[in-house]
Structure formats: structure tokens, C-alpha cells
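Each chain gets a letter, A, B and so on, in the order its sequence line appears, and its residues count up from 1.
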Number of protein chains: 2
Amino acid sequence: MTERTPTEAARDIPEATVARLPVYLRALTSLAEAGTATCSSEELATAAGVNSAKLRKDLSHLGSYGTRGVGYDVEYLRYQIAREIGVTQDWPVVIVGIGNLGHALANFSGFRSRGFRVVALLDADPSRHAEQVAGVDVRPFSDLAAIVAEHGVAIGVISTPAHAAQDVADAMVSAGIRSILNFAPAVLSVPQGVDVRKVDLSIELQILAYHEQRKGPAGLDGRLEAPA
Amino acid sequence: MTERTPTEAARDIPEATVARLPVYLRALTSLAEAGTATCSSEELATAAGVNSAKLRKDLSHLGSYGTRGVGYDVEYLRYQIAREIGVTQDWPVVIVGIGNLGHALANFSGFRSRGFRVVALLDADPSRHAEQVAGVDVRPFSDLAAIVAEHGVAIGVISTPAHAAQDVADAMVSAGIRSILNFAPAVLSVPQGVDVRKVDLSIELQILAYHEQRKGPAGLDGRLEAPA
DNA sequence: GCCGGTTTGTTCTCGCGTTCACAAACTTCT
DNA sequence: AGAAGTTTGTGAACGCGAGAACAAACCGGC
């Protein structure tokens, strides 16, 4: 079931580690731009905002890319992580729902610079089809299947209102998309084998509000004060 | 250290549970709008996309708000969760960095409808100070401290480019903000007692790419095929 | 070639979160 | 009132992830 060929990557990387690899990648890119050729786990961990032991354990899942007594070669490690994540190749992406957030996503440079290429912007509202956003035409939602087939799109982004999200997800799945990034505040149901990650802005704020509420009404200098 | 007054909320809710409470809240609001007066843990769990046992354990941390053999009163439970999170009160919020994403956030209706009120939009670029977004003036970044003091702002949102994020965070902290939602792809360092949550769009896509890469080149029908 | 200093990779332990399974409690029907 | 049927709340087992601590490996000097 979870077996692979022994020659190919038989290792499976823990989910928590996978979520941190992009952070390491960014830190390494930053170090490389600063001209650093080599770094220790301690330095890299600081740059990534994590514990050095955790960093080493994470990296050990990819292989032994460091040198004891020396550290890691920045450029080499950067490439290895990028390859492991899969961002050395080009990922075509479609964005559905070109409202405020869709606009922002289409213009977001961080996608392009990390191997993601927005091949199409789709919206059900015909009044938007005249627009061009970030150099890409906004096209009718009904073109989804054709676009996915043409470009081999595997990743879809949903930035529609909540009530439309499930329909969009269904259409994406039947068009062959197997990974969805969902910004709509709705729970999506998809068949097995399809990955969904959700980003919910208001949930993040609510989590902050919860902790804020418990910190006390208004710490004069910020520390929790003993109650009488 | 972690002790509180026994009369006040002595319970501390696990972080994983806190992260799900807003999801339950949304599901309950949805049920209430559909006219449902009562629901079982099974129904609510389905609506929220989680396991029913997990839901019950989560809710048990808030108290015993259900009735055995019956279920939960939708409106009553909705209020209890809202109160626990703190969204029954009004939270003034400032957004710093009014680029594409800042625009989208300022216009996002999900904030207003959940007890968050955008009291100010700030940007360091003077050319933006003429604008008005979502009925709120864009003001100079240097006004931060005054605005925070005037409105009692406790929560700040950073939607600037990465290179500006740390400076903004520092300014927020010294202005008295203790909770930060960071959209900039940068690791923020803040003093103890200040909460930071980060939302990184490209990281989410990279995580999807990793899993997509491992699913195989192009599953004809979606399932993983045995390699020779 | 050997020794001291440095840094990685790994082992071990601990705590948190998830899930199962079941007793307690409530409703309804007879 | 009692029994049958539901549904909640919780005790217990299990697995994953975090962090500390240490052995293995590498570099440089003598």
C-alpha cells in the first residue's frame, strides 16, 4: 500500500516536516543572496525561526546533505530541498474567482518566483471577462476542463465566495485537478486522492482574538499581572 | 505561572481545539440560517468536516452544553463558542501595507461580520495616502502609535513586502499591539507575550506541490499505479 | 598520524492530539 | 413507571512530533 520501489524515494517525510521545508528553502535563498556559501544548522534554524535540533531532524529525512564539523553547503542544500518539494519543475495553476482576493493572488509575485505559473484566471461573472489581470485574460468558468487538459494543470486555487466553492471544487476534480488550495470559508468535500488545503483569513483572526481575550483587558506594559 | 483565579476561566483549551472552534462557529451559523434548531454531534461534525468524537471532545473543553439523547441547541452553542473565542465583542484592527493583498483584506466582508472592525489602513508610500479603500482612508505609517492608542487596537495585520515586515512588527509591538497576523513571507521576531500567526500563500502551494509530485506523473484515473 | 574542537545525524523520552469504545443521561413509547 | 433507543461526555490506548542529549564523523594543527 505505502510501499514504493526501493530505488525510488522509499522514504516518506512526516507532514510536519513537509510544512517546514518551504521555510527552510526561503531561508536558504535569503542566505545565498547574502553571499553565504556555508551555514550551520544553528544559523539556518535561527533564520527559519525554529529549533536547531528540529531542523537537523527534518533535514535527515531527506538524506545526509551536511558535513559534520562544517555544516551545510547553502546552494547544494537549497537545490536538494527544492527538488524534494518539487519546485524545480514548473507547476501550471488555475485561479477561479477573480474578486479582490483573486486579483491579489494573480498579481502575487511569490508564485511565479517559486515555480508556479498562473495559466488561467476564471470567473463565472461575464462582466469580468473583459478584464486582464497580471497579463492574463479572465475567461469563463466553463473553459476550465479545456484549460486543464491543454496545460496539464494539477493545482487549482479557489477564491470565490463560500457558496460557490463546492461547485468549483467538483468541476476541478472532474477536470482532473488533484490538489486544491481553498480560500473560500467553506468545508469542501472531495473524493479520496484529492488534496485540499484551506486558508481562512477570518479563522486566523479569531484564533488571535481568543488568545488576546485571555491575555487580560489591557496589560499596561504587556506582562500578565497577578489578580489581587 | 499558568495559574488563574479559580472563579475565572481556569480551564485552558488545547491549541488544536482553539483552531477548530471558528470552524464549528461557522457551521453552526450556517445551520441556524437554514432554520435548524437542534443538531447532533454527528451532524455538526459532518458540517465542519471533522470526526464526531473529536468534535465532542473539543466541545467538552468549554463545558457541558449538550443534552444526552438530544444533541446541541444550535443557537445556544453558537453563542457559547462565540463568547469563548471572544467574537461577541468588537475587535479593532489595523492593516499595514495596502498593496494588492491589503486591498483584498480591507474589502473582505468576513472580518466585519465576525466582530473585527478595520479602524485604519496604513502604508509607508505617500502616493497611496490619497486613496480610500472600503470607505477607510489610507494613512501614513507614522500614525500607527496614535491610532492604536486612540482605538485601543490589539490586533495588527501585516500585508507588506517581506523586507518591511520586521520593521512594521517592531513598530506594532512598541505601539502596544500584542497579536499580529502576518502575510509577509518573512520570519518575525517579537518579544514574549506577543502572538504571531503567519499565513504564507506560496508555502501552501509548495506543500500541495510536494504531495502532487509524489502522486505520480499523471494518474490516468487518479489512483497510484504499480511501477512495473 | 594523532589529537582537540566542531557540527551533524540519531536515539530516547515526554507530552499532545486523535480515535475508539463505553457508561451516564435523556427522550419517547407503551 | 419501565424499557428501548439515542446521544453526550470521558477514560484509555495509540501514534506523531518536539526537544534534549550523545555518539559518529569531519577539519585543522602539530
*Asks:* Do A/Tyr76 and A/Tyr65 have ring centres separated by under 6.0 Å?
*Replies:*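 For A/Tyr76 and A/Tyr65, the ring centres are under 6.0 Å apart.
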
*Asks:* Nearest 0.5 Å please: distance from the CZ atom of A/Arg178 over to the CE atom of A/Met172.
*Replies:*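 Answer for the CZ-CE pair, A/Arg178 versus A/Met172, is 14.5 Å.
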
*Asks:* Would you say the side-chain atoms of B/Tyr210 and B/Arg214 include a donor-acceptor pair closer than 3.5 Å?
*Replies:* yes

*Asks:* Within the 3.5 Å criterion, strictly below it, is a donor on A/Ser202 or A/Asp200 matched to an acceptor on the partner's side chain?
*Replies:*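 Looking only at side-chain atoms, A/Asp200 and A/Ser202 do form a donor-acceptor pair, the distance falling under 3.5 Å.
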
*Asks:* Which nucleotide in the set C/dT19, D/dA25, C/dT27 lies at the smallest distance from any side-chain heavy atom of A/Arg68?
*Replies:* D/dA25

*Asks:* Taking only the side-chain nitrogens and oxygens of B/Arg20, find out if one of them lies under 4.0 Å from OP1 or OP2 of C/dT18.
*Replies:* yes

*Asks:* At under 4.0 Å, does any side-chain N or O of B/Asn51 touch on OP1 or OP2 of C/dC20?
*Replies:*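 Affirmative; the distance criterion is met.
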
*Asks:* Looking at the side chain of B/Val70, which of C/dG9, D/dT8, C/dT27 is the nearest nucleotide?
*Replies:*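 Nearest listed nucleotide: C/dT27.
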
*Asks:* Between A/Gly69 and A/Thr17, just flag the one whose closest nucleotide in DNA chain D comes earlier from the 5' side.
*Replies:*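 Nearer the 5' end of the strand: A/Thr17.
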
*Asks:* Whether B/Tyr72 contacts D/dG9 is assessed here as follows: a side-chain N or O lying under 4.0 Å from the phosphate OP1 or OP2. Is that the case?
*Replies:* yes

*Asks:* Does A/Ile81 reach the side chain of A/Leu28, with side-chain heavy atoms less than 4.5 Å apart?
*Replies:*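 In contact.
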
*Asks:* Would you say a side-chain N or O of A/Ser64 is under 4.0 Å from OP1 or OP2 of C/dG9?
*Replies:* yes

*Asks:* What is the nucleic acid contact for A/Glu15, judged by heavy atoms within less than 4.0 Å: base, sugar-phosphate only, or nothing?
*Replies:* sugar-phosphate

*Asks:* Distance alone, cut at 3.5 Å: any donor-acceptor contact between the side chains of B/His61 and B/Glu84?
*Replies:* no

*Asks:* Please report how far the helix from C/dG1-D/dC30 to C/dT30-D/dA1 bends, comparing the axis fitted to its first five pairs with the axis fitted to its last five, to the nearest 10 degrees.
*Replies:*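 One end's axis against the other's: 10°.
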
*Asks:* Does B/Lys57 contact C/dT19 through a side-chain donor or acceptor facing the base, at a distance under 3.5 Å?
*Replies:*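 In this structure, the two groups form a donor-acceptor pair.
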
*Asks:* Would you indicate, yes or no, if D/dT8 has its OP1 or OP2 atom less than 4.0 angstrom from a side-chain nitrogen or oxygen of B/Ser41?
*Replies:* yes

